[in-house]
Amino acid sequence: ITLTIYGQVIMGAVVEEKETRIAEILFSSARPFTLMFGKLVGVGLAGLTQLGIWIGSLAAMLAVLSTQGDAGQIVASLPNISPLMIAYFLIFFVVGYFIYASIFALIGAMVTTVQEGGQFAFPPIMIMLIGFYFCFAVIRDPNSSLSFWVSIAPLFAPLTMPVRILAEMPPFWQIALSVGLNCLTIAGLVWLASRVYRIGMLMYGKRATIPEVWKWIRQA
């Protein structure tokens with residue numbers, strides 16, 4: 001849900017810059033890649049701040065409940081979540097954010113209104129839903145071949161690997177491989193999105209077609 005919310009924020013910010021013609025001014029003083037990456041980092045920090053508030057509030061609430069009689073027994077029965085698990089979760093949250101935010105930024109550069117962007121946002125949301133349903137298979141058998149592949153696969157790993165870590169900690173090399181593959185995916189998506197962003201932000205009046213987008217990528 002958080003990835004979807006902040007992905008939509010990125011897309012809306014890109015469309016707003018296009019509608020208000022701010023991009024024309026910004027491009028005169030900074031490279032498109034720098035502008036887009038700065039936008040991703042800024043919104044990402046806002047997402048991490050909100051996530052930190054949620055985690056801190058939950059930890060405080062559990063600490064209070066643990067001192068309350070019957071509620072303390074319920075809290076004691078909860079799974080043990082170590083600081084290492086929380087660190088891994090934050091790493092994969094950041095990885096997932098940059099993957100999907102890059103996709104939403106690319107969509108924002110292609111369209112002319114937020115409403116059009118909502119139509120194009122369906123594919124990345126569907127990918128996240130598929131990853132969510134893979135989580136159930138990971139919970140049932142964290143050591144299966146399916147669990148291994150979906151926990152290192154780009155696009156799915158940010159959702160499935162944290163679940164696998166909580167179910168049963170995999171070997172460190174698998175976690176490192178998952179992070180590495182998805183970081184390479186981020187580099188490719190940011191490069192691709194920046195090339196579309198460079199031309200798409202200066203086009204007005206109609207949304208781009210897929211052939212036009214491929215043409216931009218080749219020419220940028």
Side-chain angles (χ1 to χ4, degrees), residues 1-11 37 40-41 43-59 62 77-108 117-118 120-193:
I1 292 173
T2 306
L3 294 179
T4 302
I5 291 173
Y6 283 100
Q8 298 275 5
V9 170
I10 286 287
M11 184 179 69
F37 195 74
L40 297 181
V41 171
V43 177
L45 290 175
L48 281 175
T49 302
Q50 186 178 48
L51 202 62
I53 293 172
W54 290 348
I55 293 174
S57 301
L58 180 60
L62 292 176
S77 66
L78 294 175
N80 183 32
I81 299 177
S82 67
L84 181 61
M85 290 179 176
I86 296 175
Y88 280 141
F89 171 79
L90 292 176
I91 289 171
F92 280 98
F93 172 80
V94 172
V95 169
Y97 165 77
F98 275 99
I99 286 177
Y100 287 99
S102 300
I103 296 174
F104 279 105
L106 187 151
I107 293 171
F120 280 90
F122 181 72
I125 292 175
M126 278 302 301
I127 293 172
M128 283 190 274
L129 283 175
I130 293 171
F132 172 75
Y133 285 113
F134 274 138
C135 290
F136 294 105
V138 172
I139 292 172
R140 284 194 298 269
D141 188 357
N143 295 315
S144 67
S145 296
L146 176 62
S147 296
F148 169 75
W149 288 111
V150 297
S151 63
I152 68 169
L155 304 181
F156 294 139
L159 301 171
T160 55
M161 182 58 90
V163 173
R164 189 178 175 205
I165 289 172
L166 288 172
E168 184 175 343
M169 183 69 73
F172 175 76
W173 70 267
Q174 294 185 13
I175 298 175
L177 177 62
S178 178
V179 172
L181 288 176
N182 282 272
C183 285
L184 289 176
T185 303
I186 291 171
L189 284 173
V190 171
W191 175 83
L192 188 69

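The structure presented is a predicted model; accordingly, all values stated were derived computationally and were not measured.
To the nearest 0.5 Å, the span separating CD1 on Ile91 from CD1 on Ile86 amounts to 12.5 Å. In this structure, Leu177 CG and Ile152 CD1 are separated by 4.5 Å, a value rounded to the nearest 0.5 Å. Remark: Thr185 OG1 to Leu192 CG distance equals 12.0 Å, nearest 0.5 Å. Here the straight-line distance linking atom CG of Asn182 with atom CD1 of Ile99 works out to 4.0 Å at 0.5 Å rounding. With rounding to the nearest 0.5 angstrom, the CG atom of Leu166 is 12.5 Å from the OH atom of Tyr88.
Of the candidates Ile107, Leu40, Ile10, Ser102 forms a side chain to side chain contact (heavy atoms under 4.5 Å, CB included) with just one, namely Leu40.
Annotation: Leu84, atom CG; neighbour count of heavy atoms from other residues, nucleotides and ligands within 6.0 Å is above 12.
The shortest heavy-atom contact between Arg164 and Phe148 is NH1-CA, 3.8 Å. What you find for Ile186 and Val95 is that their closest heavy atoms are CD1-O, 3.6 Å. When all heavy atoms of Ser147 and Ala137 are compared, the pair lying nearest together is OG-O, 3.8 Å. Between Ala157 and Pro162 the shortest heavy-atom distance is O-CD, 3.5 Å. Here the shortest heavy-atom pairing between Tyr100 and Pro124 reads CE2-O, 3.8 Å. Closest non-hydrogen pair, Val150 versus Thr160, comes out as O-OG1, 2.7 Å.
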Does the pair Ile103 and Leu155 meet the rule for a side chain to side chain contact (heavy atoms under 4.5 Å, CB included), with working shown? CA-CA 11 Å; Ile103 296 174; Leu155 304 181; 4.2 Å; yes
Verify side chain to side chain contact (heavy atoms under 4.5 Å, CB included) between Gln8 and Ile125, making sure each step is shown before the conclusion. CA-CA 10 Å; Gln8 298 275 5; Ile125 292 175; 4.0 Å; yes
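Tyr97 and Phe93 have parallel rings, their planes meeting at less than 30° on a 0 to 90° scale where 60° marks the start of perpendicular.
Counting heavy atoms from C-beta on, the side chains of Phe92 and Ile175 come closer than 4.5 Å. Using a 4.5 Å heavy-atom threshold, the side chains of Ser57 and Ile53 count as touching. You'll find the side chain of Val179 stays beyond 4.5 Å of the side chain of Met161, heavy atoms only. At least one side-chain heavy atom of Leu159 sits under 4.5 Å from a side-chain heavy atom of Leu3.
Proximity of the aromatic rings of Phe134 and Phe156 is defined here by a centroid distance below 6.0 angstrom, and this criterion is met.
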